[in-house]
Structure formats: C-alpha cells, structure tokens
Q: 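The structure is given below, and queries will be raised subsequently.
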There are 2 protein chains.
Amino acid sequence: MTPLEHKRPMKKADLEDRIRAVDLRPTKQRIALAELLFSDGNRHITAEKLHSEALDAGVRISLATIYNNLHQFTTAGLLREVVVDSSKSYFDTNVDPHHHFFHEQNGTLEDIHSGDLTVSNIPELPDGTEISSIDVIVRISPDNNS
Amino acid sequence: MTPLEHKRPMKKADLEDRIRAVDLRPTKQRIALAELLFSDGNRHITAEKLHSEALDAGVRISLATIYNNLHQFTTAGLLREVVVDSSKSYFDTNVDPHHHFFHEQNGTLEDIHSGDLTVSNIPELPDGTEISSIDVIVRISPDNNS
DNA sequence: TAAGCTCTTTAGAAAGATTCTAAAGTATTG
DNA sequence: CAATACTTTAGAATCTTTCTAAAGAGCTTA
Ligand SMILES: [Mn+2]
Ligand SMILES: [Mn+2]
Ligand SMILES: [Zn+2]
Ligand SMILES: [Zn+2]
C-alpha cells in the first residue's frame with residue numbers, strides 16, 4: 001500500500017491536515033470538497049457532478065471555486081485528470097499509476113490496477129523526449145449476445 | 001497492407017469515388033476536405049486546423065461544414081476520433097487499430113503501429129460488457145537531460 | 001434539360017464547459 | 001487587532017462544438 005492510499009473514511013481533522021500539507025488554507029469550501037472527494041474510497045468525478053454533490057450536501061459553493069480547487073488539488077498531486085471524453089474533464093482521486101475501463105454507455109470510469117494490465121514493446125521514443133505518462137483506456141459497452 | 005491503406009497521393013477522381021462509396025455527394029467542399037485529409041499519407045488534425053488549411057487552399061467553407069463532414073466521415077469509417085486533450089477533438093485518417101504518442105509540448109500525435117506495442121493481461125470485463133476499443137496514449141515531453 | 005426531391009452548406013444563434021475579472025470575504029501572521 | 005496574502009464569487013468572457021432555418025447544389029426521372 002503506497003503512502004497516499006487510504007481505505008477507511010477520513011476524519012475531518014485529517015482532511016484539514018491533508019489540505020494544509022499541500023500549502024492550501026482549509027477553507028469551508030475546500031474541506032467540504034475534500035470530504036466529498038477523499039472521505040470514502042476512490043472516485044472519478046466531473047466538475048459539474050462535484051458541484052451538485054456539494055450543493056446537495058448543503059455547502060454553498062460556486063462552480064468557479066470547484067474548478068479552482070480541482071486544479072489546485074491536481075497541481076498538488078492530490079488528484080489527476082483523466083482524458084476520456086472530449087466534452088468534459090474527469091478528475092481521479094487515485095493518483096497511483098493505473099488504467100481505466102470507460103463505460104461508453106453511461107460515461108463511468110472504473111480502475112484497472114497497474115499490475116492487472118501490462119503495456120509492452122513500446123517503440124523507441126522520438127528523439128529528445130521522455131515518457132510523462134501512459135494512459136490505457138479500455139472502452140466498453142453493453143454486450144448484445146449472452 | 002489492409003484495403004484502406006494507401007501510400008501514394010490520391011487523385012481527385014479517386015477521392016470522388018471514395019466519397020461516393022460511402023453514399024455522400026461529392027460536393028466541392030467535400031472533395032476539398034478529402035483532398036486535404038487523404039491525399040498525402042496519414043494525418044491527425046483538429047477541426048480548426050482543417051478549416052484554416054482549407055481557407056489557405058482558397059476553398060470557401062464554413063466551420064459548421066467542417067464539423068458536419070468530419071462527423072460524417074467518421075461515421076462512414078473514413079476517419080476515427082482520438083481523445084487526447086480535453087479541450088479539442090482530433091481526427092485521425094488512419095482507421096486501422098493503432099496507438100499514439102502525444103507530444104504534450106505542441107499537441108501533436110504520432111502513430112504507434114499496433115504490432116509495435118502490446119497490451120496484455122486485461123482483467124475480466126465487467127458483466128454484460130464487451131470491448132469496443134482500446135486506446136493507448138503514451139504522453140511524451142521534451143527530456144531535460146541528454 | 002427541367003422539375004422535383006433530397007442532401008448539403010451556411011450564417012448566425014445557441015449551447016456547454018471552462019476560465020477570467022475584479023471585488024468582497026476569510027485565514028494567517030505579527 | 002492590523003496587515004497581508006490567499007480565497008471565493010457573480011457574472012462576463014472565451015472556446016469549442018452543435019443547432020436552426022433558409023438558400024444552394026447534386027441527383028433522378030421524364
Ligand atoms: Mn463529437
Ligand atoms: Mn483543464
Ligand atoms: Zn482511476
Ligand atoms: Zn493515428
């Protein structure tokens with residue numbers, strides 16, 4: 001288990017610590033977002049969805065703040081962005097290297113742990129470049145036989 | 001070499017045939033786009049870029065028509081869409097299964113032929129689903145040593 | 001070739017996601 | 001508490017993509 005993984009719900013004080021640890025102020029909005037994002041296992045979520053969850057939870061927060069914080073969390077390494085759909089961004093609370101199933105039907109992501117899938121025989125990289133990440137998206141849809 | 005591959009520049013009459021073959025009318029705009037897309041080897045291109053290339057080539061065409069035709073060509077199997085950047089769509093004239101290098105620096109795509117890269121040990125799919133495609137994006141950036 | 005039909009193109013409006021601006025609010029430090 | 005720096009926010013702006021509705025072009029048939 002890597003240092004950043006956490007399988008049990010996180011207490012509010014821990015969430016504040018986690019925010020402070022990346023040099024951000026634990027505002028009411030930030031704590032609420034951290035709670036929605038990190039309290040209860042890994043999540044893959046869009047800005048709009050997170051916004052509506054926050055409003056549902058009774059937290060008054062603007063969409064601009066959602067975007068600000070998603071980007072700040074991403075820069076801080078608490079989130080990563082997953083590109084699977086050209087029309088919206090997904091943010092992933094699992095920042096360990098891993099891949100994804102993408103359910104085309106409902107726009108949902110599911111983790112594939114790094115060890116469960118191997119990419120091999122990557123050809124020589126173009127000159128002067130290095131790998132910054134490898135993303136594998138297995139796009140799946142409802143199967144019609146069976 | 002699969003049937004759809006073509007290594008030599010395509011003549012205008014061939015382009016018309018190709019458009020007719022997928023039950024579309026060979027309009028001036030469509031022929032011009034087909035020429036830009038299919039005349040000279042594989043391409044990875046955005047709508048805006050294709051639009052400006054068409055205008056540069058002296059073809060009066062609206063951006064709506066670019067989008068209409070990119071989608072019609074994609075539906076017809078002459079193009080595929082590659083999702084690598086959450087802010088814009090790329091269209092690929094290579095419709096054979098293959099993967100990509102993505103140069104993060106300049107937003108450029110480069111093919112990795114299917115045979116040059118292997119994805120193995122894909123875990124069991126979620127119940128009732130089948131694979132619709134597998135996309136591997138190797139994101140690369142300028143390397144700072146060397 | 002003309003008529004009629006269908007498909008295509010287009011300008012401009014609209015939509016949807018994301019970012020920006022600038023002003024008010026809040027956390028932190030001294 | 002005061003000063004400072006960071007944060008939030010409404011609303012405007014931006015950007016890409018899609019839609020609308022009307023004019024234009026290709027195709028078929030007579
Ligand atoms: Mn699309
Ligand atoms: Mn972004
Ligand atoms: Zn994930
Ligand atoms: Zn390609």
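Order of the sequence lines fixes the chain letters, A, B, ..., with proteins taken first and strands second; residue numbering starts at 1 for each chain.
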Q: Phosphate oxygens OP1/OP2 of C:dT19: is one of them under 4.0 Å from a side-chain N or O of A:H71?
A: yes
Q: Which is more 5' along DNA chain D, the nucleotide nearest B:P26 or the one nearest B:T46? Just name the residue.
A: B:T46
Q: Write out all pairs satisfying salt bridge (Lys or Arg N to Asp or Glu O under 4.0 Å) with one or both partners inside residues 126-136 of chain B, taking only residues at least two apart or from two chains.
A: A:R139-B:D135, B:R80-B:D135
Q: What is the separation between atom CD1 on B:I31 and atom P on D:dA25, rounded to the nearest whole Å?
A: 14 Å
Q: Polar atoms only, N or O, under 3.5 Å: list the protein pairs with nucleotides 15-17 of chain C and their distances.
A:
none

Q: Would you say A:R20 places a side-chain N or O within less than 4.0 Å of OP1 or OP2 belonging to C:dT28?
A: yes
Q: Note the angle between the end axes of the helix from C:dT1-D:dA30 to C:dG30-D:dC1, five pairs defining each, rounded to 10 degrees.
A: 30°
Q: When clusters are formed by joining ILVMFWY residues with side-chain heavy atoms under 4.5 Å apart, either directly or through shared neighbours, do A:V119 and B:I131 land in the same one?
A: yes
Q: Group every Ile, Leu, Val, Met, Phe, Trp and Tyr by side-chain heavy-atom contacts under 4.5 Å, then state whether B:V82 and A:F102 land in the same group.
A: no
Q: With the sugar-phosphate defined as primed atoms, P, OP1 and OP2, and the base as all remaining atoms, what B/S/- string results for nucleotides 5-13 of chain C, 5' to 3', for protein heavy atoms under 4.0 Å?
A: -BBSBBB--
Q: With salt bridge (Lys or Arg N to Asp or Glu O under 4.0 Å) as the rule and sequence neighbours excluded, what pairs involving residues 22-36 of chain A come up?
A: none
Q: Mind jotting down which residue pairs meet the salt bridge (Lys or Arg N to Asp or Glu O under 4.0 Å) criterion with at least one end in residues 52-66 of chain A? Sequence neighbours excluded, please.
A: A:R43-A:E53, A:K49-A:E53
Q: Indicate whether any N or O donor in one side chain lies under 3.5 Å from an N or O acceptor in the other, for B:E81 and B:S89.
A: yes
Q: Given A:E110, which partner from the list A:H103, A:H100, A:H99 fulfils the side-chain contact (heavy atoms from CB on, under 4.5 Å) test?
A: A:H103
Q: Take atom CG of A:L70 and atom C1' of D:dT8, then tell me their distance rounded to the nearest Å.
A: 15 Å
Q: Are A:L50 and A:L79 connected into the same hydrophobic cluster when the rule is that any two of I, L, V, M, F, W, Y join if their side-chain heavy atoms are below 4.5 Å apart?
A: yes
Q: Between A:H44 and A:H98, what is the ring plane arrangement, given parallel below 30°, perpendicular above 60°, and tilted in between?
A: tilted
Q: If hydrophobic clusters are built by linking Ile, Leu, Val, Met, Phe, Trp and Tyr wherever their side-chain heavy atoms come under 4.5 Å apart, do A:I134 and A:V95 end up in the same one?
A: no
